[in-house]
Amino acid sequence: MLRSNSEDDKTLLLNFRMLERVLRFVAVWPIDFNPYLPKYLRGRYLLSQLFDICYQLFWYFVCVHIAAFHIVSILTIELSYDELFLTLITTSIYSIMILLNVYLRLYESNFRQLYEFSMKHFRKRSAAGVYYVSISSCYRFTNRYQFWWLVICLLGTMHWAVYPILSQERTLPFPCWYPVDVQQSPKYELAYTLQVLGQLQVSLVFGLAGALFMVFVFMVCTQFDMLCCSLTNIRQSAMILNGGYKTELRQYQANDEPDTREYVLQEVFPEDLDNVQPTNTAPKLDQLSPSQSYLMELAPELTCVLEDCIKHHLILLRFCQLLENCYHPYVLLKLFQILLLLCFLAFMATVESLSTMKLINVLEYFMLTMTELYLYCFLGQILTNQGLKVGDALWKSPWHLCGASYRRRLLIILTNAQRPIRLTGLKLYELNLETYYTVLKAAFSYYTIIKKFR
């Protein structure tokens, strides 16, 4: 059963608010502390900004001190080959975490712009026809999968934090150089707590950044499905706009079985032809000149419906450009981090002296990193495919039965659809399945080089 548009909007708002709260919890987005202050101090003495800076510095300290102490360990302590690579894994993770925290702070307004753009311009369903695609499918899908993605990120990273408890050893999750003796209480407990908070920060920041990316990509992919559905059923939409083809529409609905494999979420819904309302293009019928409504049946209606599809397509192209501008630095950071981690983790997984518990931790991290790489590359590939699919949907529409006005407008969408939509890493690497294989090959090439120099 489909929900109303207001319920869908509320679901998206609550979803975004939840992600926003967690991002604020780890201080990668600014926090307004005024609601938590006494009334006579709210908005005064810049207290909210001061508390926000202090809270941000605390989380920066958690991340920076782990990275810095590991770097000192590499430079000053004589480590075995195996210990060196465990230290390098942690150093690379937390060094890139620092850059990622800065990125999320600087680009917070870009994320909000994406959200506000989608709320303002994205449609709740495709144009009226014999069947339609709804945004509610996207909301249900993203809510479910982003929850499990965050669970996987937490489990894959927090296992390192609880390793000393499971092994019943008085060690830190990441043994490294400290300027004090951390084996003594309460220094050990403090160091252990900070490292656990560091792992929590890693799991939440990486997980939430990926979850936001997934939500935005699947939202725009669903919008492309709506556009393709509207184009494929454009003649039926014109019939509904005309109002005099009830019998023909029922025959279409009874005989036409939609191929759900054409849509990302593989879910379409039959139109309620008894209560269906024409789209908001109806008032434009009176504005068409006689030259736009000649030769073919339903020419004015087809022209209005196609113009609405052209506007929808331009909105989606604009959103994809905003998405690219927001995420291209992040994508490059992630590809670089994943390349390093896959190389180091593959080496550690083949170390014979590694304990069983450490091996399990390494394999968990390895699988999480592989999954994360595939997730980003798959999302980039599917968005490119969705953009190219618009032209195919046009050719499946009954364009040969339409007049010259329709065909002229058809060329506008075809011209825009011929330019592939690409998500890139700082404009250097495209995010697609080819990049996935390239990163895997590069990681294992470096792994074999390291093995030879062992």
Side-chain angles (χ1 to χ4, degrees), residues 2 5 8 122-138 220-285 288 293 296-316 385-403 405-414 416-417:
L2 292 180
N5 291 343
D8 287 335
F122 278 7
R123 306 190 177 186
K124 309 306 176 187
R125 50 157 292 164
S126 57
V130 292
Y131 58 88
Y132 66 96
V133 175
S134 172
I135 193 67
S136 60
S137 303
C138 175
V220 73
C221 285
T222 304
Q223 292 293 312
F224 272 112
D225 277 345
M226 292 181 191
L227 176 60
C228 292
C229 184
S230 299
L231 290 171
T232 303
N233 296 303
I234 197 165
R235 188 168 179 81
Q236 289 79 14
S237 298
M239 290 179 176
I240 291 173
L241 188 58
N242 181 275
Y245 291 83
K246 292 289 185 181
T247 304
E248 290 87 342
L249 287 169
R250 296 185 191 282
Q251 290 177 352
Y252 272 121
Q253 193 173 64
N255 300 325
D256 186 19
E257 184 69 26
D259 187 0
T260 59
R261 293 174 299 177
E262 297 179 356
Y263 304 106
V264 171
L265 302 182
Q266 299 184 359
E267 191 172 47
V268 296
F269 304 95
E271 191 72 75
D272 183 2
L273 295 176
D274 294 325
N275 301 311
V276 64
Q277 297 294 326
T279 59
N280 56 6
T281 58
K284 297 180 182 178
L285 283 171
L288 294 177
S293 55
M296 293 293 182
E297 180 186 16
L298 295 172
E301 290 84 357
L302 285 166
T303 300
C304 285
V305 175
L306 187 59
E307 280 189 354
D308 191 56
C309 290
I310 292 172
K311 291 181 179 179
H312 192 195
H313 191 211
L314 293 175
I315 287 171
L316 299 186
N385 294 343
Q386 287 292 92
L388 297 174
K389 196 170 70 174
V390 173
D392 297 334
L394 266 177
W395 292 122
K396 291 178 182 178
S397 68
W399 60 271
H400 54 285
L401 301 176
C402 305
S405 176
Y406 178 92
R407 297 181 190 182
R408 285 196 298 270
R409 286 167 172 79
L410 179 145
L411 292 175
I412 298 175
I413 295 185
L414 282 179
N416 290 327

(message) If we ignore hydrogens and angles and just use 3.5 Å, is the side chain of Glu267 paired with the main-chain N or O of Ser137 as donor and acceptor?
(response) no

(request) May I ask you to test the Tyr252-Met239 pair for a side-chain heavy-atom distance under 4.5 Å? (result) yes

(message) When you measure from the side chain of Ser230 to the backbone of Ala127, do you find a donor-acceptor pair of N or O atoms at a distance under 3.5 Å?
(response) yes

(request) Could you pull out all residues at least two apart from Cys228 that satisfy side-chain contact (heavy atoms from CB on, under 4.5 Å)? (result) Lys389, Val390, Ala393

(message) Less than 4.5 Å apart, side chain to side chain, heavy atoms only: is that true for Gln236 and Tyr245?
(response) no

(request) Report yes if the side chains of Phe122 and Ile135 come closer than 4.5 Å at any heavy-atom pair, otherwise no. (result) no

(message) Quick check: closest heavy atoms across Val264 and Cys221, and the distance to 0.1 Å?
(response) CG2-CB, 4.2 Å

(message) Does any part of the side chain of Leu265, heavy atoms only, come nearer than 4.5 Å to the side chain of Asp225, both counted from C-beta?
(response) no

(message) Given Met226, which partner from the list Leu316, Leu231, Val133 fulfils the side chain to side chain contact (heavy atoms under 4.5 Å, CB included) test?
(response) Val133

(request) Indicate yes or no: at least one non-hydrogen side-chain atom of Gln386 is less than 4.5 angstrom from one of Gln223. (result) no

(message) As an exercise, state the distance from NE2 of His312 to CG of Leu314, rounded to the nearest 0.5 Å.
(response) 10.5 Å

(request) Evaluate side-chain contact (heavy atoms from CB on, under 4.5 Å) for Ile413 paired with Leu306, printing each intermediate quantity in order. (result) CA-CA 9 Å; Ile413 295 185; Leu306 187 59; 4.0 Å; yes

(request) With sequence neighbours excluded, tell me which residues meet side-chain contact (heavy atoms from CB on, under 4.5 Å) with Gln253. (result) Val130, Pro270, Glu271, Leu273

(message) Can you confirm whether Leu227 sits close enough to Ser126 that some side-chain heavy atom of one is under 4.5 Å from a side-chain heavy atom of the other?
(response) no

(request) Find the distance between SG (Cys229) and OH (Tyr263) and round it off to the nearest 0.5 Å. (result) 4.0 Å

(message) Can you confirm whether Tyr132 sits close enough to Val268 that some side-chain heavy atom of one is under 4.5 Å from a side-chain heavy atom of the other?
(response) no

(message) Are Leu241 and Val305 packed together at the side-chain level, in the sense that at least one heavy-atom pair is separated by less than 4.5 angstrom?
(response) yes

(request) Please round to the nearest 0.5 Å and tell me the distance separating atom CZ of Arg123 and atom CD1 of Ile315. (result) 6.0 Å

(message) Test your reading of the model: is there a side-chain donor-acceptor pair from Ser237 to the backbone of Ala128, 3.5 Å cut-off?
(response) yes

(message) Looking at Asn242 and Ala238, would you say the former's side chain and the latter's main chain have a donor-acceptor pair under 3.5 Å?
(response) no

(request) Working to the nearest 0.5 Å, report the span between CG of Leu249 and CZ of Arg235. (result) 10.5 Å

